[in-house]
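Just so it is clear, the values below take in all heavy atoms, side chains as well, and ignore hydrogens, waters and symmetry mates. Whatever order the structure lists ligands and atoms in, that order sets their numbers, starting from 1. Here the structure is a predicted model, which means the values were calculated and not measured.
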Amino acid sequence: MAPKLESKFEELFGLQRRVAIVTGGAQGIGAGIAKLLADAGATVVIVDLNADAAQTEARRLTEAGGAVFPAVFDISNEAAVIDGVAGIVAQHGAPWILVNNAGIQKRKTFFETDTEFLDRNHAINTRGTFLMMRECAKAMVAAGNGGRIVNIATLGVMHPMLLGLVAYQSSKGSVMAQTKAVALELLDAKITVNAVLPGGTMTPGAAAANETAPVGPATRGFPLGLCQPADIAAAVLYLASPAARCVTGQSIAVDSGFLVS
Ligand SMILES: NC(=O)c1ccc[n+]([C@@H]2O[C@H](COP(=O)([O-])OP(=O)(O)OC[C@H]3O[C@@H](n4cnc5c(N)ncnc54)[C@H](O)[C@@H]3O)[C@@H](O)[C@H]2O)c1
């Protein structure tokens with residue numbers, strides 16, 4: 001790359017000396033995001049429930065040249081989030097980037113959906129996103145350097161894709177609403193809050209959800225093909241970068257042409 005272009009890219013997308021927290025970074029889309037942010041120079045903390053997978057992924061990315069650390073806690077548990085984020089801040093300093101990616105995507109038909117299932121989806125996808133934003137934003141505001149929050153919702157909030165997602169889509173609809181509400185709250189602190197809406201993406205979680213899915217047609221296919229985690233990570237990198245300084249309260253669907261087809 002020409003030297004001038006290289007330094008411009010660095011100014012726009014470089015994340016050196018930035019701390020990034022990626023929830024659910026032990027596998028799937030989160031692992032793709034952790035890798036790209038580490039490649040861009042960030043110190044990345046993978047927050048995940050799965051201790052073995054988080055440690056393995058952090059080691060793998062560090063061996064590949066990144067600075068990636070695991071932190072094991074449940075984002076749906078308020079006390080665990082308060083302690084967990086405080087521990088990360090004590091060890092690495094305040095985050096400049098938070099990517100709220102951890103989520104569950106199990107499927108049940110509307111009539112099979114009981115309140116326990118509904119509440120479990122909301123506890124992780126909705127409450128977990130809220131708790132992580134609140135605790136990380138406190139540290140970001142105290143540090144006074146602005147910041148970036150990127151929430152992973154789903155294309156399903158724009159248009160249903162598959163049967164069995166009423167609990168999931170309602171939990172992610174709240175993620176969209178929180179994105180806009182918190183973007184307004186954090187304007188003065190120069191912390192931007194945006195969302196990425198993945199369409200069908202090849203991950204262990206999606207494969208497991210499809211195994212037990214209700215039988216019925218998907219509304220339509222993905223003309224540009226199923227996404228890989230790296231495709232979602234690329235949109236996250238933009239929103240998490242210095243380049244996106246003037247973008248807040250917005251969402252980007254990475255949907256392989258689903259909505260326009
Ligand atoms: N894969 C898709 O097709 C797709 C489409 C749209 C949106 N999404 C969203 O993208 C995100 C990532 O999806 P994926 O397919 O990579 O998922 P995945 O199931 O493969 O990985 C999710 C990760 O989150 C972790 N996690 C789950 N609950 C947690 C909790 N309470 N606390 C901490 N960590 C927890 C898991 O251990 C796992 O490592 C999710 O929010 C999902 O809803 C995925």
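Using modelled atom types, one side-chain atom of R127 and one backbone atom of S76 make a donor-acceptor pair closer than 3.5 Å. In this structure, R18 contributes its side chain and T43 its backbone to no donor-acceptor pair below 3.5 Å.
Comment: R107 does not engage E112 in a salt bridge, judged by the lack of any side-chain N to carboxylate O separation of less than 4.0 angstrom. Remark: E11 engages K8 in a salt bridge, criterion side-chain N to carboxylate O under 4.0 Å.
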Could you go through ligand 1 and note, for every N or O atom, any protein N or O atom closer than 3.5 angstrom, writing the atom names and distance to 0.1 Å, or 'none'?
| unit_1 | atom_1 | unit_2 | atom_2 | d |
| --- | --- | --- | --- | --- |
| ligand 1 | 1 (N) | T201 | O | 3.2 |
| ligand 1 | 1 (N) | T203 | OG1 | 3.4 |
| ligand 1 | 3 (O) | T201 | N | 2.9 |
| ligand 1 | 3 (O) | T201 | O | 3.3 |
| ligand 1 | 8 (N) | Y168 | OH | 3.4 |
| ligand 1 | 15 (O) | Q105 | NE2 | 2.8 |
| ligand 1 | 15 (O) | T203 | OG1 | 2.5 |
| ligand 1 | 16 (O) | I29 | N | 2.8 |
| ligand 1 | 17 (O) | Q105 | NE2 | 3.2 |
| ligand 1 | 20 (O) | Q27 | NE2 | 2.8 |
| ligand 1 | 20 (O) | G205 | N | 2.8 |
| ligand 1 | 21 (O) | Q27 | NE2 | 3.4 |
| ligand 1 | 31 (N) | D74 | OD1 | 2.8 |
| ligand 1 | 32 (N) | I75 | N | 3.1 |
| ligand 1 | 34 (N) | L49 | N | 3.3 |
| ligand 1 | 37 (O) | D48 | OD1 | 2.6 |
| ligand 1 | 39 (O) | D48 | OD1 | 3.3 |
| ligand 1 | 39 (O) | D48 | OD2 | 2.7 |
| ligand 1 | 41 (O) | N101 | O | 2.7 |
| ligand 1 | 41 (O) | K172 | NZ | 2.7 |
| ligand 1 | 43 (O) | Y168 | OH | 2.5 |
| ligand 1 | 43 (O) | K172 | NZ | 3.3 |

Please table the atom pairs, donor to acceptor, closer than 3.5 Å between any side-chain atom in residues 187-195 and protein atoms at least two apart or in another chain.
| unit_1 | atom_1 | unit_2 | atom_2 | d |
| --- | --- | --- | --- | --- |
| N194 | OD1 | G249 | N | 3.2 |
| N194 | OD1 | Q250 | N | 2.8 |
| N194 | ND2 | V247 | O | 2.8 |

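The hydrophobic clustering, which links ILVMFWY residues whose side-chain heavy atoms are closer than 4.5 Å, places L5 and L237 together.
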